[in-house]
Visitor: 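This is the structure I want to talk about, given as structure tokens.
Protein chains get the first letters and strands the later ones, always in sequence-line order, with residue 1 at the start of each.
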Amino acid sequence: MKALRTFICRLAALTRSRQHDREIDDEIASHFEEATDEYVARGLSREDARLAAARDFGGITQVKQIHREVRSFTWPDNVRQDLKYSFRRLIKDPAFTLIAVATLALGIGVTTAIFSVVNAVLLKSLPYPEPDRLVVLYSQTASWQKMSSSYANFLDWARENRSFSNLAAFRPDDMNLIGLGQPERVPVEMVSASFFRLLGVQPIHGRAFLPADDQLGAAPVALISESFWKRKFGSSPAAVGQTLTLSGTSYVILGVIPATFQNYAGNFHRRDVYLPIGAWNAPGFRNRQQSMGMDVIGRLKPSVSLEQASAEMQSVAQSLAEQYPVVNKGFGITLVPLKSAVVGSASPLLLLLVPAVLFVLLIAGVNVANLLLARSSRRATEVAIRAALGASRTRIVRQFLTESVLLAMAGGGLGVLAAFWGTEAALTELPNVLLPRAEEIRVDQRVLLFTTIASVAVGVLFGLVPAFKASRLDLHTRLIERGPRAGGAHHRTQGVFVVLEIALACVLLVGAGLMIRSLVSVLRIDPGFNTDRLLVARVSFPVSATTPDHVMAVWREMSQAFKTVPGLQEASLSLDSVPMTGNFSTLPFWLEGDARPSTAAEMKWAISYIVDANYLKVTRIPLRRGRFLTPEDNEHASPVIVIDDRFARQHFADQNPIGRRINFDVLNMTAEVVGVVGHVKQSGLDESETSDRAQCYLSMFQLPAHVMPLAARDIGMVFRTADAPLAQVDPVRRALERINGQLVMYGERAMDGIISDRLATRRFSMIVLGIFAALSLLMACVGIYGVIWHWVGERTHEIAIRVALGAERRDIVHMVLRDGAKLIVAGVIIGLAAALGLARLMSSMLFGISTHDPLSVAAVTSVLTFVAFAACYVPARRATRINPMVALRSD
Amino acid sequence: MAPDRSDVLYGRLGLMVLKTLQALGPLHGYRIARRIEQISGNQLALNQGTLYPALLKLEQMGWINSNWGTSESGRRVKIYSLTRPGRKQLEKEEAQWQRATGIVDRFFKISENAS
């Protein structure tokens, strides 16, 4: 209690320090006068009385000082003094200050930038109420962990589960908007009525979907996004109740979804329109076997854990498998927390960048610690004088720490600015497929707090060793000798620091080397087709009132029309799958002669390309055997199929596949194999061999009539252009418009650009690691250069004697380089050992090389050694220029 | 955290201050210093200045109060007076002191008899 009371008194006294000083002055003055009076009364002269009073009182200054210490805390004063002093010292040594601040700004800047990414992507919770209870539900088979689910199964899950307070289904789509200005393609999300309730979103106008809207045959209704509302309706409240014509259907606008709603389903990309999924009447959508890209999200009840819910859903899946053995046998349900589902893809990248950036920060810190060490040996005399004047060791250490923290804060401040602009610039350059939640990356309060703490920590951590070294001085030798040599005790510490820097730089260089080698080997992969001047795009047209004959007529018209576009060398259509674009579908099949599998899970699967006869000519996929599809493989001929060599190997082994027949249940079709073509990398150059599946080609004109209108809603086009692919976009669009004004082209990309985007993560991590490695190499070189320079300076005397005794220039250079070599070799050995251990962390990002890739290791070792020796050579040259006469006489 | 007794009483200086204020009522700093010197028969070579930090400490403990007033000679001085907790503290300290010196006294007497 008493302690607290004292503390409060002291705290209160902080604020009125001036007044308290005045009071004690007054009190002492009156004390003196009273005492003087008394001595005068006893018969002394006024003068003697004053002296006597002063003698009785003792030292006024000490009393006042003790009084101050009792009255309040002294540290604010000390800190103020330390700051003032540090500031003066730093200003006086601008070169040192500049280098130290720049180094720290670099280290803290990159760390801040990476932290702001980690913060936005991994640390911040998702922007929904109680986001930890949100879970994504996937269908699962033995070979596929996370698959989309069918609507019929979703309805059963929702009915039968007890673990979730709500389940919602959603499915992205794009639709053609006609009637509000230019026709355009708008991103749509079909959602169940529970979707917005589950995510805690309220429309800012109108109302959300009700279960009654989410039924087959319900009146068509839609919700629109706030930005779409602003763009198309000028934010007028009258928009609610108006109609919207999308792909041939008119929807009544029910309400507006606020812009603050971030749609995870589209990876946080905006959707313009939301439609009730239950009202969707597409054929096949209610087929339990077909998922059509629909996913399910759920909100766990408060008392239910993820494990409990998983167990329950497993039994739900079990009972559905018993109910519908043909389609549901072997199907389970995987539960994934929403957050991992959203950011999981970014984890390997961030797991790589976080340690890398910490290495850079560490090197920067060590470099500054070394600078401080070298400086403290120059400042030894100053420290000795302060100590002689009564400064305690703690006080001196505190003074040095104040200085290093001040440096780190300055560096941190600059670093935040750099990170602020740097991340902004870097993010605009990045394709947005790279990072989920990239839009949320910014320097916010949490990032600022992190940077502040990091700066102080760096200042203290890396200031500590120099501070202790500096304060541990033998006063006597220091003040008597007054030469620079007395500070030589720092040598070993400096050496250790340099070895550490080189080792860290080595690790980063090996990392960067491995990434570069991986990218090179990825780029060497043959995609299986010719990507040069290849343009891909998609086209959609309303099919509400069309027949299969009409659809085929339009396709033939399109093919004819493309022949008239002069910039196109070849053109073809591909209904769904197009390599590298992410669009692909798979078909279940079984070989004729085998028993028909009784369940979907036992079927064989292949990626299906449903194309016209021109496709092979456009893509230049090599024909291995037989023939490709021809225009004669049309609706009147019997169905044929072309398979890739992987298909042939997997399912026919050494036998000749030509003439064999393959059954497709979902298409009600049996097709005869007429040819074998090369395998194509469907999902990117670096797709793994195991995830790569067999492929087959069917003629689009031989599709069964009942699936044709649906398949035609949205098809792919592949063109080989004469020169720049994107220059042909407008001619193609005009050609399509001439056929039918309702054909909407979208998603035009050059194939080279798509492939390059697919490698964005790889390239990005290579570039970032490369930059980090270059920075660390630079800093390590500055470090070793500074230390060797410093050593040469301190050994001037010794070198001078050697020269005087007849040492040659070469001997001197060798002597200095030997010192450097010890550090370099130690650093490289430690660094390589660490790198080989740490490379395992990045094995998932490597491609085509081992984590111990000898070429990377050899290259790194030679570059690092060479550059480090070059950094040592400059001070070595300085040593040879020492004039023994001058050096020896000056001592 | 218990306050350090020896620190608070400043080598018993604090105790003497409290006792002085109890005996003579409110006093200003110089009077307190003189009184302590007189009682000790000028054997306690006190630097009068050290009294002021001690007074401040006692005040922080809440055992004394201070107010600006006028001395007998009409000067503006800070006048210290004992508070109720101060009085209690003094009684406690006094009893303890008596007990402690009593023990030491007896100890010395025994030692004398033994020698």
Side-chain angles (χ1 to χ4, degrees), chain A residues 1-42 44 46 49-74, chain B residues 1-5 7-11 13-14 27-38 40 42 44-80 83 85-86 88-89 92-93:
Chain A
M1 261 333 274
K2 294 290 179 201
L4 184 66
R5 196 194 157 92
T6 313
F7 178 80
I8 291 169
C9 287
R10 290 181 163 195
L11 204 62
L14 265 183
T15 54
R16 293 175 324 195
S17 148
R18 216 41 76 70
Q19 189 194 336
H20 286 291
D21 276 344
R22 222 167 27 239
E23 283 192 9
I24 186 69
D25 282 350
D26 290 354
E27 202 174 1
I28 291 172
S30 64
H31 179 114
F32 264 80
E33 285 165 26
E34 293 275 334
T36 312
D37 279 1
E38 198 174 319
Y39 274 115
V40 170
R42 277 199 245 158
L44 286 178
R46 190 114 215 133
R50 234 196 307 269
L51 281 175
R55 200 174 50 235
D56 288 348
F57 192 87
I60 298 179
T61 322
Q62 281 96 317
V63 167
K64 280 198 208 167
Q65 180 59 32
I66 297 170
H67 197 265
R68 252 197 301 273
E69 281 166 15
V70 172
R71 186 175 71 219
S72 189
F73 310 106
T74 49
Chain B
M1 197 178 71
D4 181 358
R5 206 170 291 274
D7 184 41
V8 168
L9 290 178
Y10 228 57
L13 180 58
L27 287 179
H28 58 83
Y30 179 66
R31 280 282 140 244
I32 299 173
R34 287 296 296 144
R35 168 74 183 177
I36 291 173
E37 282 174 357
Q38 281 162 9
S40 70
N42 284 334
L44 195 66
L46 174 74
N47 266 347
Q48 291 173 356
T50 54
L51 185 64
Y52 290 94
L55 284 169
L56 181 61
K57 260 186 199 172
L58 291 172
E59 202 176 349
Q60 284 176 347
M61 301 301 291
W63 294 336
I64 60 172
N65 257 337
S66 71
N67 283 299
W68 286 97
T70 28
S71 68
E72 306 83 15
S73 50
R75 286 198 180 82
R76 206 174 88 89
V77 289
K78 211 175 199 179
I79 295 173
Y80 296 90
T83 61
K88 268 190 207 148
Q89 181 67 23
K92 218 165 78 189
E93 293 282 343

Visitor: Does any heavy atom of chain B fall under 4.5 Å from the side chain of A/Ile60, the backbone, both, or neither of them?
Guide: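 Neither the backbone nor the side chain of A/Ile60 comes within 4.5 Å of chain B.
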Visitor: Starting from the C-alpha separation in whole Å, work towards a yes-or-no answer on side chain to side chain contact (heavy atoms under 4.5 Å, CB included) for B/Tyr30 and A/Glu33.
Guide: CA-CA 10 Å; B/Tyr30 179 66; A/Glu33 285 165 26; over 6 Å; no
Visitor: Are A/Asp37 and A/Arg46 ion-paired here, with the side-chain N under 4.0 Å from a carboxylate O?
Guide: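 Salt bridge present between A/Asp37 and A/Arg46.
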Visitor: Hey, are A/Glu38 and B/Arg34 close enough for a salt bridge, meaning a charged N less than 4.0 Å from a carboxylate O?
Guide: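 Salt bridge: yes.
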Visitor: Can you say whether B/Arg76 sits under 4.5 Å from chain A via the side chain, the backbone, both, or neither, judging by heavy atoms?
Guide: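 For B/Arg76, the contact with chain A is made by backbone and side chain together.
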Visitor: If you measure from the Lys or Arg side-chain nitrogens to the Asp or Glu carboxylate oxygens, is any gap between A/Arg68 and A/Asp21 under 4.0 Å?
Guide: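 Between A/Asp21 and A/Arg68 there is a salt bridge, with a charged N closer than 4.0 Å to a carboxylate O.
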Visitor: Most heavy-atom pairs under 4.5 angstrom with chain B, which of A/Gln62, A/Glu23, A/Lys64?
Guide: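 Ranked by heavy-atom pairs under 4.5 Å with chain B, first place is A/Glu23.
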